[in-house]
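Take a look at the structure below.
From a predicted model like this one, the values you see are computed outputs, not experimental measurements. Proteins come first, then strands; the chains are lettered A, B, ... in the order of their sequence lines, and each starts at number 1. Heavy-atom basis, side chains included; hydrogens, waters and symmetry copies ignored.
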Amino acid sequence: VSPETYSQWLYLVCGALLLSSVIVLWRRQLSALISLLTVQGVLLAALAALLGTQHDGLELYGIALGLLLLKAGVLPAVLRRALARGGAPRETRPLVNVPASLLAAAMLTLLAYAVSQPLVELDPNPTTRAVPVGVAMVLLGFFMLVTRRRALSQVVGFLLLDNGIATTAFMLTAGVPVIVELAVSMDLLLVVLVLQVLTTRLREHFGDAELDDLHELRD
Amino acid sequence: MDQIAVAAPSDTTAWVQAVLIAAPMVAPLLASLVAWLCVGSGRTSSRAGAWVTVAAAVTILVDGVVTATITSGSAASSALATGTVLRVDALSSVMLIVIGSVGVIATWASVAFIDGEIASGHASPGEIRRYATLVPAFLAAMALAVLVNNLGVLWAAIEATTIVTAFLVGHRRSRGSVEATWKYVMICSVGIALAYLGTICIYYAGGQTSIPAHAALDWTQLATHAHELDPGVTRIAFALLVLGFGAKAGMAPLHSWLPDAHSQAPAPVSALMSGVLLPVAVYALMRYRVIAVGSIDGSFVRTLLLVVAVTSLLIATSLIIAQRDYKRLLAYSSIEHMALVVIGLAVGTPLALAAVLLHIVGHGLGKAVLFCGAGQILAAEQTSQISGVRGLLARRPALAACFGVGFLALLGLPPFSLFVSELGLARAATAAGLGWVVAIALSLLVVVFVSVAVHLAPMLLGSEPGPATRPGTVPETDPDTHPETGSASSVNHSTRTGAGTQIATRTDVPTRTELRGVGSPMPLIAGLMALALLGIVAWPLDQLLHIASLIGGTP
C-alpha cells in the first residue's frame, strides 16, 4: 500500500471511530449503543490490519483477527445477554442532557488535541498525528461513565474508554507486544463478564434502581 | 551468590532460579486447584483444602526469604531472572515477604472463616468453594505483579487482582456487598485503564530511545535509559500512572471504593486487600518513579505525589474522626497509611524508601491482625457498629487484647515497627527539606490517634450493654424483598455489613456452631509478635531493606 493511500484510509478509520464515539453520547437506546460498540470493534480491527500493511504484518494481522473476535463478537454478545435479562432498555434520565453532552463532546475533543501535543511532537508522522482521536475517545468514554446512571450504559462508557486506549496504543506504537496484548485482552474479557454478572445481581437486589440511588454504604 | 545473580554459570543454577521465581505463583495456583476440588464437599476435606492455601502462603514467604538472602548478599543490587519477563531483585523480595507474611495470617484466619461458614450455613457449598478457590488465586496474581520485569505484564497482573477479588468482595450477596463490588470493579477498572494508557505512553517514549523495540517495556531497560526518554511524554505518562495505580492504592481522587469494599469483604479478604493489594499498587508506582525521576525534573514527580498523598491523608483523617463502623475505621486507616507511604515515595531518597518498605511490612502485618480480629468480633458480637460493641475485654480477653494491641501498633507506638518506620519517614522528609509536610502529617496523625482512642476505649473497656440496646438485635424487614424501603432505611442498613445483617436475624438462637466461626486468636498473636520483633531488632530485614531502598530510591 502506498503511503498516501495508507494515510487516507487511516484518517477515514479514525474519523469513523470518533464519529461513532460521539453518536454513543447521542443515543440513549442501550441496544443501539451495543451496535455502535460492535462497529467500533470492526473499525479497531481494520486499524490494526491497516497498520499491518506498514509494519511487520503477521503479528498485527493476528491481533486484528483477535480484536474482531473479542470486540465485535464476544463482548457485544455478552452485553446483549445482559440486556436481554431484563431492565429498562434505555437511559431515561442521564445527568447531562443530549445537546449539552454533544457540546461537551466537542470541548473534550478540542481538549484531547491540546493535551496530546507532546505525544505528536516526539515523533511526528501521519500515524501519530491521529493520536488525538484516541485520546478524545478516552475522554468521551470517561464523560459517559460519569454522566450515565444505568449500569449497562456505564459498562458501555468503560468499553468506549478502553477502545480509545487501544486506538491510542495503535497510533503511538503500532500495538503493544503480543504477550501484553494477550494479557490485556484476557483481563478486558473477564472484567466485562464480571460486570455482566454484577448487573444481574444489582437488578436482583435493587430492582430497576439507578446507580445514583445506591446508598447502602456511606459515612 | 553474586555469580548466581549476575549470570547463570551452569544449567543447575538457571534451573534453581526458575524454580525460585515460579514457586510463588505456582504454589497458590495449585492450592487454588486443590481448594476447588475439595472445599465445599465435606467438613474435613474443606478444612484440608483451606490448610493447603496456608501452605501456599508459607511457600511465598519462604521463597521471599530465600530470594532476599540471594539478592541482598552483595552490596550491589543483583537479581534472579528467567527470560526477559520474570525477574526478582531485592525490592521484589521485600514484596514477596509482605505477600507471604500477610498471606499466612489471612489464610490461617480463613480456615476458621470457612469452617464457620459451613457450620452456620450462611453460604452455599458453591459459594464457599468459590471463596476458597479465589483466595489463593488472588495471592498468585499479586505474586506475579511483583515478579515481572515487563511493565505491561505488571499492569495486567494488577488488573487481574481486581477481577479475582470482585467475587470475594461480593461473597455475601447482600445489598451492601453488591453495591460495594460494583463500585470496586468500576472505579478500579477505570483507574487501572488510565494506568494502561500511561504504560503505553512510556512504551512509546521508550521506543524512541536506543532501547531495542522488543525490550521497550522492560523496567531494567527503561530505568537504565530513563534520561533518554522524552520529558513531555513521560510527564503525561507519570500523571496517568499516579492517577491509575493511585486508584488501586486507595489514593484520592479515586479512593471511594476502598472503605466500601474493605468493610463488605470477608475479614481475611479485607486483610489481604489492605495489607498486600494496596502496597502492590504502590510498588508499581515505586518502579515507575525511578523511570520518571530519571527523565523529568524531580520536583514535578515530588509535587504530584505529595498533592495526592496529602489530600488522601486529609480525607482519611476527616472520616476517621466521626466513624461509627469499626471495619470502615480500619479501611480509612489503610488510606491514611498508604498516604504516608506515598509521602515517603515523594521524598524518594534511599533513607525514605527504606522507611517506606518497613512501613509496608509493618502496616501489612498490623492490618492483617486487625481485620482478622474485626472479623472475629463481628462473628461474636454480630454488629460492625462501634457503639454496638462494649466491654469486650471482660468477655473475650484474648480477642480484645489482640485487637487493642494491634491498634496500638498501627497508631505507631513503640515497640512496634510502625514507630520505627514513621520516625524514619519523618527524618527522611525533614532531611529532604520537606519539614512542612512532616508537620502536616504529624498533626493529622495526632488527630487520628485521639479519635481512634476515643472510639476504641469504650469498645474494649466500657461496661457491657443490655441486649436490647445492641443495634444488631433490632428487628428488621428483609431488605431484598422491599427495594423501595431501601433508601428510607438506608441509615439503618449502612450501620452494619452484610455479615451483620445476615447474622442479626438469628441472634435469638446463639448456638455453639455460631461461635465456631469466631476462630482462634493464634494467627493474630503470631502477627503481633512479628511486628514487635521487627520493631525491636532490625536484624532480619535491615540488609535487605538497605539494598531494596537503593533500587527504589534516588539520591
(Q) Please identify, among A:S116, A:A183, A:A169, the residue contributing the most non-hydrogen atom pairs under 4.5 Å to chain B. (A) A:A169
Q) Most heavy-atom pairs under 4.5 angstrom with chain B, which of A:L161, A:T168, A:L195? A) A:L195
Q | Which portion of B:A166 sits near chain A, non-hydrogen atoms under 4.5 angstrom | A | side chain
Relative to chain B, which segment of [X] carries a heavy atom at a distance below 4.5 Å: side chain, backbone, both, or neither?
| X | value |
| --- | --- |
| A:D162 | neither |
| A:L193 | neither |
| A:A151 | both |
| A:L122 | both |
| A:Q154 | both |

Rounded to the nearest 0.5 Å, what separation is found between the [atom1] atom of [X] and the [atom2] atom of [Y]?
| X | Y | atom1 | atom2 | value |
| --- | --- | --- | --- | --- |
| A:L190 | B:T162 | CG | OG1 | 11.5 Å |
| A:T173 | B:L217 | OG1 | CG | 8.5 Å |
| A:M171 | B:I200 | CE | CD1 | 12.0 Å |
| A:L172 | B:I202 | CG | CD1 | 12.0 Å |

Q) Just by modelled atom types, is the B:R173 backbone N or O under 3.5 Å from a matching donor or acceptor in the A:H205 side chain? A) yes
Q: State whether the side chain of A:R201 and the backbone N or O of B:G170 hold a donor-acceptor pair below 3.5 Å, judged by distance alone.
A: yes
Q) For the residue pair B:A156 and A:D187, what are the closest heavy atoms and their distance? A)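 Closest heavy-atom pair between B:A156 and A:D187: O-OD2, 2.8 Å.
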Q | Atom of B:Y203, atom of A:V176 and distance for their closest heavy-atom approach | A |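 Distance-wise, the nearest heavy atoms are CE2-CA, 3.9 Å.
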Q: Verify the neighbour count for atom CZ of A:R90: are there more than 12 heavy atoms of other residues, nucleotides or ligands below 6.0 Å?
A: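 More than 12 within 6.0 Å, yes.
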Q: Take atom CD1 of A:I179 as the centre, draw a 6.0 Å sphere, and report whether it contains more than 12 heavy atoms from other residues, nucleotides or ligands.
A: no
Answer whether the closest heavy-atom distance between the side chains of [X] and [Y] falls below 4.5 Å.
| X | Y | answer |
| --- | --- | --- |
| B:N150 | A:V180 | yes |
| B:E159 | A:V184 | no |
| B:E179 | A:F206 | yes |
| A:V115 | B:I236 | no |
| A:T128 | B:Y204 | yes |

Q.
Working note: A:L145 + B:M186, criterion side-chain contact (heavy atoms from CB on, under 4.5 Å); need CA distance, chi angles, decisive distance, verdict.
A. CA-CA 9 Å; A:L145 257 173; B:M186 218 54 201; 3.5 Å; yes
Q: Using a heavy-atom cutoff of under 4.5 Å, enumerate the residues of residues 132-143 of chain A that contact chain B, numbered in order, or state 'none'.
A: A:V138, A:F142
Q | Contacts of B:Y196 that satisfy ring pair (Phe, Tyr, Trp, His ring centres under 6.0 Å) - sequence neighbours left out | A |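 For B:Y196, the residues satisfying ring pair (Phe, Tyr, Trp, His ring centres under 6.0 Å) (neighbours in sequence not counted) are B:W155.
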